[in-house]
Number of protein chains: 2
Amino acid sequence: MSESAVNLRYFILGLLTRQPMSGYDVKRFLKSLSWLIGSPSAGSIYPALRVLLQDHLVKVDVELREDRPPRKVYTITQAGRRVLQLWIERPVGPGTSMKAFMMRLVLASNYPRTGLVAHMQQRRSEVANHQHALEQIGKGLGERDDIGQRLAVDYALAVARAELAWLDAELTGAAQELAFVGTR
Amino acid sequence: MSESAVNLRYFILGLLTRQPMSGYDVKRFLKSLSWLIGSPSAGSIYPALRVLLQDHLVKVDVELREDRPPRKVYTITQAGRRVLQLWIERPVGPGTSMKAFMMRLVLASNYPRTGLVAHMQQRRSEVANHQHALEQIGKGLGERDDIGQRLAVDYALAVARAELAWLDAELTGAAQELAFVGTR
DNA sequence: AAGCGCATGTAAAAGGTTACATGATTAC
DNA sequence: GTAATCATGTAACCTTTTACATGCGCTT
């Protein structure tokens with residue numbers, strides 16, 4: 001359950017590589033993807049942006065409009081891009097949540113193609129491991145009355161299988177692309 | 001992203017309905033299911049148990065062993081069972097994470113059968129909603145260069161489809177059981 | 001001899017949510 | 001006229017992680 005820490009800041013930093021955004025923009029965007037990543041409240045987004053600003057990883061331009069609170073548009077700096085690259089290239093250890101994987105997937109455009117493939121392969125092996133572990137648990141359960149545990153393990157297995165199927169399909173596609181690029 | 005709060009305490013309380021456990025037992029069990037629910041550190045489990053104890057929802061028996069730290073075995077009290085029922089019957093609002101759903105699924109044996117079915121139907125409609133929302137986002141993305149967003153949405157859709165398939169299969173099974181019980 | 005599993009816990013720090021505060025504009 | 005959306009932010013509170021502290025027994 002570790003390393004959810006620090007992630008929101010880096011993820012927001014990553015979003016700013018697509019285009020400059022205000023805190024409110026970030027909030028709206030995250031809300032639209034709430035299913036994938038969660039929808040953090042204002043009380044975590046604005047402070048996160050302030051920290052990024054203090055660390056000089058983003059700069060801010062204030063858009064003044066008449067009779068409204070000013071809109072503060074944040075832009076990633078060169079230093080920000082460097083720090084983001086370090087974060088993105090840092091291999092994610094075992095036990096990474098789907099949410100953490102999703103975050104990096106959303107930021108795919110910041111990866112070199114091979115880096116993205118490596119990241120997906122990493123996920124593939126993680127999920128395969130856990131699938132195996134779940135199957136073992138399932139067997140161990142046998143005829144007992146752990147109805148809840150059996151349901152939960154079964155549910156998780158169904159999800160794991162879907163993840164693996166998607167990753168395999170996507171990875172074979174990517175492998176062909178890379179092979180093509182390599183031979184032309 | 002709300003209401004992760006308070007959950008670990010209740011979930012641990014729920015685990016104690018299966019059998020009395022020590023903090024270390026809880027930790028080991030959670031670790032084995034880390035993929036489903038996450039594996040909280042000692043720093044959250046032991047304090048959680050202390051709070052449960054202070055609220056008289058569990059009681060503790062100390063097993064003294066030679067030359068080792070004593071093992072503290074926690075047992076749920078009647079008051080604990082009542083509080084757990086209230087938590088379990090409280091309808092989970094929209095935006096509930098898979099993890100929160102999993103927690104309640106693991107505790108399925110504490111539900112009356114119809115309550116469990118209702119809970120799964122609730123999840124079904126939630127996932128269906130989000131699937132729809134994701135499909136809309138996917139269409140809106142079109143031919144743009146949001147490669148990351150497209151991948152993430154696609155991935156989430158694959159997972160959502162798997163969840164729906166599982167829930168539908170399980171719910172039709174449960175419906176037949178209930179019908180059978182109803183007619184005999 | 002080093003490290004892991006057992007077994008408990010605490011303290012500091014980080015992170016997040018909830019609730020509040022402000023205030024204009026737009027849609028019903 | 002009432003509610004939602006836009007737009008920012010703060011403060012108190014809660015939970016969780018990280019890192020530490022202790023110490024035995026077993027395995028490599």
Side-chain angles (χ1 to χ4, degrees), chain A residues 1-13 20-32 34 37-55 58 60-74 93 95-97 99-100 103, chain B residues 1-13 20-32 34 37-55 58 60-74 87 93-97 99-100 103:
Chain A
M1 231 171 177
S2 62
E3 73 183 297
S4 87
V6 185
N7 275 28
L8 182 61
R9 271 214 300 283
Y10 284 110
F11 183 61
I12 291 177
L13 188 59
M21 283 174 141
S22 70
Y24 196 80
D25 291 335
V26 172
K27 199 164 172 290
R28 201 171 340 82
F29 181 78
L30 266 317
K31 199 177 174 187
S32 80
S34 62
I37 276 155
S39 188
S41 63
S44 67
I45 291 175
Y46 288 109
L49 283 169
R50 202 180 27 169
V51 171
L52 289 175
L53 199 59
Q54 277 162 1
D55 292 349
V58 301
V60 70
D61 293 294
V62 184
E63 268 181 34
L64 288 167
R65 276 104 30 95
E66 301 165 11
D67 300 329
R68 305 193 200 188
R71 216 177 109 85
K72 293 179 164 191
V73 179
Y74 294 88
T96 309
S97 66
K99 187 172 136 187
M103 281 190 177
Chain B
M1 230 170 175
S2 63
E3 72 184 299
S4 89
V6 184
N7 275 26
L8 181 61
R9 272 213 300 281
Y10 284 111
F11 183 62
I12 292 177
L13 188 60
M21 283 173 142
S22 69
Y24 197 80
D25 290 337
V26 172
K27 202 165 169 290
R28 204 175 335 84
F29 181 78
L30 266 319
K31 199 177 173 186
S32 80
S34 62
I37 275 155
S39 189
S41 63
S44 67
I45 290 175
Y46 289 109
L49 284 168
R50 201 179 30 166
V51 171
L52 289 174
L53 199 60
Q54 277 163 0
D55 292 349
V58 301
V60 70
D61 293 295
V62 183
E63 268 181 31
L64 288 169
R65 278 108 27 98
E66 302 166 7
D67 298 331
R68 303 192 204 188
R71 217 177 106 87
K72 295 181 163 187
V73 179
Y74 295 88
W87 180 67
T96 309
S97 65
K99 186 173 136 186
M103 281 190 177

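Worth knowing before you read on, the calculation uses all heavy atoms, side chains too, and leaves out hydrogens, waters and symmetry mates. Lettering follows sequence order; numbering is per chain, from 1.
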Inset, instruction - Whole angstrom is fine here: how far is it from CZ in A:F11 over to C1' in C:dG16? - result: 17 Å

Legend entry - Presence of B:S44 side-chain N/O under 4.0 Å of D:dT17 phosphate oxygens OP1/OP2: yes

Report all interatomic pairs (protein N or O, nucleotide N or O of nucleotides 9-11 of chain C) with separations under 3.5 Å.
| from | atom 1 | to | atom 2 | distance (Å) |
| --- | --- | --- | --- | --- |
| C:dG9 | OP1 | B:K72 | NZ | 2.3 |

Inset, instruction - Identify, with sequence neighbours excluded, every residue that meets side chain to side chain contact (heavy atoms under 4.5 Å, CB included) alongside B:P69. - result: none

Legend entry - Distance in angstrom units between B:M103 CE and D:dT15 P, rounded: 13 Å

Inset, instruction - Might you work through the side-chain contact (heavy atoms from CB on, under 4.5 Å) test for B:Y74 and B:L52, ending with a clear yes or no? - result: CA-CA 10 Å; B:Y74 295 88; B:L52 289 174; over 6 Å; no

Inset, instruction - Write down the atom of B:L49, the atom of B:G23, and the distance for their closest heavy-atom approach. - result: CD1-CA, 3.5 Å

Inset, instruction - Decide side-chain contact (heavy atoms from CB on, under 4.5 Å) for B:E63 and B:V73; before the verdict, give the C-alpha distance in whole Å, the side-chain angles of both, and the deciding distance to 0.1 Å. - result: CA-CA 7 Å; B:E63 268 181 31; B:V73 179; 3.8 Å; yes

Legend entry - side chain to side chain donor-acceptor pair (under 3.5 Å) partners of A:R50, counting only residues at least two apart: none

Inset, instruction - Round to a whole Å and report the spacing from CZ of A:R71 to C1' of C:dA24. - result: 16 Å

Legend entry - Interatomic distance, A:N7 CG vs D:dT18 P [rounded to whole Å]: 11 Å

Inset, instruction - Can you tell me the distance, in whole Å, between the CG atom of B:D25 and the C1' atom of C:dT8? - result: 12 Å

Inset, instruction - Whole angstrom is fine here: how far is it from NZ in B:K31 over to P in C:dC4? - result: 11 Å

Legend entry - A:D55: partners by side chain to side chain donor-acceptor pair (under 3.5 Å), with sequence neighbours left out: none

Inset, instruction - Please report the shortest heavy-atom distance between B:P40 and B:L8, naming the atom on each side. - result: CG-CD1, 3.9 Å

Legend entry - OP1 or OP2 of D:dT8 under 4.0 Å from side-chain N/O of A:Y24: no

Inset, instruction - Report yes if at least one side-chain N or O of B:S22 is closer than 4.0 Å to OP1 or OP2 of C:dT8; otherwise report no. - result: yes

Inset, instruction - Please report how far the helix from C:dA1-D:dT28 to C:dC28-D:dG1 bends, comparing the axis fitted to its first five pairs with the axis fitted to its last five, to the nearest 10 degrees. - result: 40°

Inset, instruction - Show your working on side-chain contact (heavy atoms from CB on, under 4.5 Å) between A:F29 and A:Y24 and close with a plain yes or no. - result: CA-CA 9 Å; A:F29 181 78; A:Y24 196 80; over 6 Å; no

Inset, instruction - Begin with the C-alpha distance, continue with both residues' side-chain angles, and end with the deciding distance and a verdict on side-chain contact (heavy atoms from CB on, under 4.5 Å) for B:L13 and B:W87. - result: CA-CA 10 Å; B:L13 188 60; B:W87 180 67; over 6 Å; no

Legend entry - Presence of B:R65 side-chain N/O under 4.0 Å of D:dC24 phosphate oxygens OP1/OP2: no

Inset, instruction - State whether B:S41 places a side-chain N or O below 4.0 Å from either non-bridging phosphate oxygen (OP1 or OP2) of D:dT18. - result: no

Legend entry - side-chain N/O B:R28 vs C:dG5 OP1/OP2, d < 4.0 Å: no

Inset, instruction - Rounded off to whole Å, could you give me the CE-to-P distance for the A:M21 and D:dT8 pair? - result: 12 Å

Legend entry - B:K27 NZ to D:dT16 C1', straight-line distance once rounded to whole Å: 14 Å

